Amino acid sequence: MKNIAKTLAGVAALAAMSLAPMQGDACTRVLYKGLDNLFVVGRSLDWKTPIPTNLYVYPRGMQKQSTNLDNPIKWESKYGAVYAVSYDGGVTEGMNEKGLVVNGLFCKGTVYNDTVSKPYMMSLAVFPAWLLDNCATVDEVKELLQSVKFDIQGATFDGGTVSALHWGVTDATGKSIIFEFDKGVISIYDMGDYQAMTNDPKWPDMQAILNYWDKIGGVHMLPGTVSSPDRCVRANYFAHHVEAVSDPDLAVAIAKSVIVPSCVPYTYLIQGEPNVSSTQWRSYSNTRDLRYYFDLCVNPGYYYVDLKTLDLRPGKSVLKLDTSKTSDLVGCANHRLVKSEPFTPMY
């Protein structure tokens with residue numbers, strides 16, 4: 001793990017954390033590093049009300065565009081992928097057949113656009129799909145983000161809530177980045193030895209907090225609230241101190257045990273903080289074996305889509321799994337996927 005650079009910076013960051021108000025968005029993302037090139041990206045999706053989320057599998061070779069406005073980016077998908085689609089209208093995250101994983105987490109400091117108009121418009125409803133459809137590695141994601149100039153469209157949902165997001169990306173080698181929008185500028189950070197991210201503050205300030213707690217250690221004390229920095233510290237510490245294994249099922253179980261202590265209990269509320277968000281679902285993306293696991297908090301078990309055994313050739317049908325009908329489902333869910341029309345983006 002990284003050593004602290006300046007003790008005073010860590011103390012200042014910790015003080016800022018203790019004075020910060022409780023946030024209403026509480027997603028967590030963690031990278032589990034196993035053996036034999038096995039990596040599992042776990043994440044929790046937290047919100048104040050349930051977010052209906054279904055799984056869609058898209059084949060290669062589909063024609064898509066970034067917006068319903070006059071200046072879209074148009075592309076043909078290079079890779080098949082599984083998407084988690086909220087409200088059947090917007091991609092929250094996903095994994096493609098090359099083992100690339102993209103996850104969006106709330107970050108209230110996000111400001112997407114500046115006053116200078118870009119050549120293209122990009123809707124958040126399809127933004128993760130654009131990356132997954134076109135990129136096989138983290139380096140390709142970085143190149144795409146840096147080479148195409150676009151403004152963000154469709155930055156609200158759920159009755160006008162601003163979708164202020166930052167993004168974690170991991171590929172099949174375990175390489176990971178975080179990228180954030182700040183007034184039209186995309187800042188990209190290599191995660192290096194860090195293995196967790198949450199919401200606020202932005203990544204440079206979160207690094208200072210992680211470095212502070214790295215020096216303290218976690219054997220005798222870890223921060224225990226549901227605040228974003230506390231959850232990030234816990235997830236990062238445990239991710240560094242669990243056993244590395246090569247068995248995919250055991251690896252997912254370990255990843256789940258790491259992320260659950262950094263989730264917000266289902267239906268948890270704080271008096272005077274009506275927008276504190278509890279965990280609605282979790283996902284686990286096995287980048288080696290191409291299994292995408294989905295874990296609804298109200299379900300007794302969890303299940304996965306196995307991309308390796310699906311036919312993702314151009315011309316094949318889009319497949320859908322309605323997660324509201326999976327309370328009896330455990331293990332591989334491929335047999336429950338049904339042919340479907342593509343989802344309609346909420347531009």
Side-chain angles (χ1 to χ4, degrees), residues 1-2 27-45 79 81-82 84 92-107 110 127-128 130-132 134-146 165-181 186-211 214 228-229 231-242 244 248 251-252 254-256 258-259 262 282-293:
M1 295 176 67
K2 294 181 178 293
C27 303
T28 302
R29 184 184 195 267
V30 65
L31 174 63
Y32 170 77
K33 298 181 179 181
L35 301 176
D36 300 328
N37 299 312
L38 175 59
F39 301 97
V40 177
V41 178
R43 74 82 50 89
S44 66
L45 188 287
Y79 307 111
V82 55
T92 302
E93 64 168 33
M95 179 175 68
N96 70 18
E97 62 180 309
K98 295 297 183 179
L100 184 75
V101 180
V102 177
N103 312 92
L105 285 72
F106 273 86
C107 181
T110 296
F127 175 54
W130 179 57
L131 301 177
L132 292 166
N134 289 287
C135 303
T137 66
V138 159
D139 288 339
E140 290 180 7
V141 170
K142 293 167 66 174
E143 181 180 355
L144 187 61
L145 291 172
Q146 292 168 340
L165 303 172
H166 61 171
W167 304 83
V169 183
T170 298
D171 64 24
T173 70
K175 187 172 183 178
S176 299
I177 58 171
I178 291 171
F179 67 88
E180 299 176 333
F181 292 85
I186 302 177
S187 298
I188 302 175
Y189 307 98
D190 290 318
M191 289 194 70
D193 195 38
Y194 300 105
Q195 290 178 235
M197 65 178 289
T198 50
N199 312 108
D200 299 294
K202 288 189 174 182
W203 185 245
D205 293 330
M206 186 69 85
Q207 285 179 294
I209 295 170
L210 292 171
N211 288 342
D214 184 26
S228 175
R231 290 182 290 102
C232 194
V233 169
R234 291 199 300 275
N236 189 63
Y237 174 78
F238 288 126
H240 280 89
H241 290 87
V242 291
V252 169
I254 295 172
K256 180 178 181 179
V258 169
I259 204 168
S262 291
R282 291 174 287 262
S283 68
Y284 313 97
S285 300
N286 174 341
T287 67
R288 183 192 70 186
D289 302 296
L290 301 181
R291 295 178 179 179
Y292 177 84
Y293 293 74

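Given the structure is predicted, the values throughout are model-derived calculations rather than measurements.
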Please tabulate, one pair per line, all N/O donor-acceptor pairs under 3.5 Å involving side-chain atoms of residues 138-145, not counting sequence neighbours.
residue: D139; atom: OD1; partner: K175; partner atom: NZ; Å: 2.7
residue: E140; atom: OE1; partner: A136; partner atom: N; Å: 2.8

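With sequence neighbours left out, the side-chain hydrogen bond (donor to acceptor under 3.5 Å, both in side chains) criterion links S44 to D46. For K33, there are no salt bridge (Lys or Arg N to Asp or Glu O under 4.0 Å) partners, not counting sequence neighbours. For R29, the salt bridge (Lys or Arg N to Asp or Glu O under 4.0 Å) test picks out no residue, with sequence neighbours left out. With sequence neighbours left out, the side-chain hydrogen bond (donor to acceptor under 3.5 Å, both in side chains) criterion links R234 to no other residue. Remark: A251 pairs with Y32, L38, V40, V245 by the side chain to side chain contact (heavy atoms under 4.5 Å, CB included) rule, at least two apart or across chains.
With hydrogens and angles disregarded, no donor-acceptor distance shorter than 3.5 Å links the side chain of S228 to the backbone of T198. Panel note: side chain E180, backbone K202; no donor-acceptor pair is recorded below 3.5 Å. With hydrogens and angles ignored, the 3.5 Å screen pairs no side-chain donor or acceptor of N103 with any backbone N or O of E93. Between the Q195 side chain and the V30 main chain, no donor and acceptor come within less than 3.5 Å of each other. Listed for the N236 side chain is no donor-acceptor partner under 3.5 Å among the backbone atoms of C232. Proximity of a side-chain donor or acceptor of R43 to a complementary backbone N or O of S285 within less than 3.5 Å is not detected. When atom types are taken as modelled, the side chain of N286 and the backbone of R291 share no donor-acceptor pair closer than 3.5 angstrom.
In this structure, Y293 and Y284 have perpendicular ring planes: the angle between them is above 60°, well past the 30° mark.
Residue-environment remark: NZ (K256) exceeds the threshold of 12 foreign heavy atoms within 6.0 Å.
The CZ atom of F238 lies 7.5 Å from the OG atom of S262; values are rounded to the nearest 0.5 Å. Annotation: the span from L45 atom CG to R282 atom CZ amounts to 11.0 Å, rounded to 0.5 Å.
Residues R231 and T28 have side chains that bring a donor and an acceptor to within less than 3.5 angstrom of each other.
Taking 4.5 Å as the limit, every side-chain heavy atom of T173 sits out of range of all side-chain heavy atoms of T137.
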**OP:** Tell me, with the steps shown, if F179 and Q146 meet side-chain contact (heavy atoms from CB on, under 4.5 Å).
**Re:** CA-CA 11 Å; F179 67 88; Q146 292 168 340; over 6 Å; no
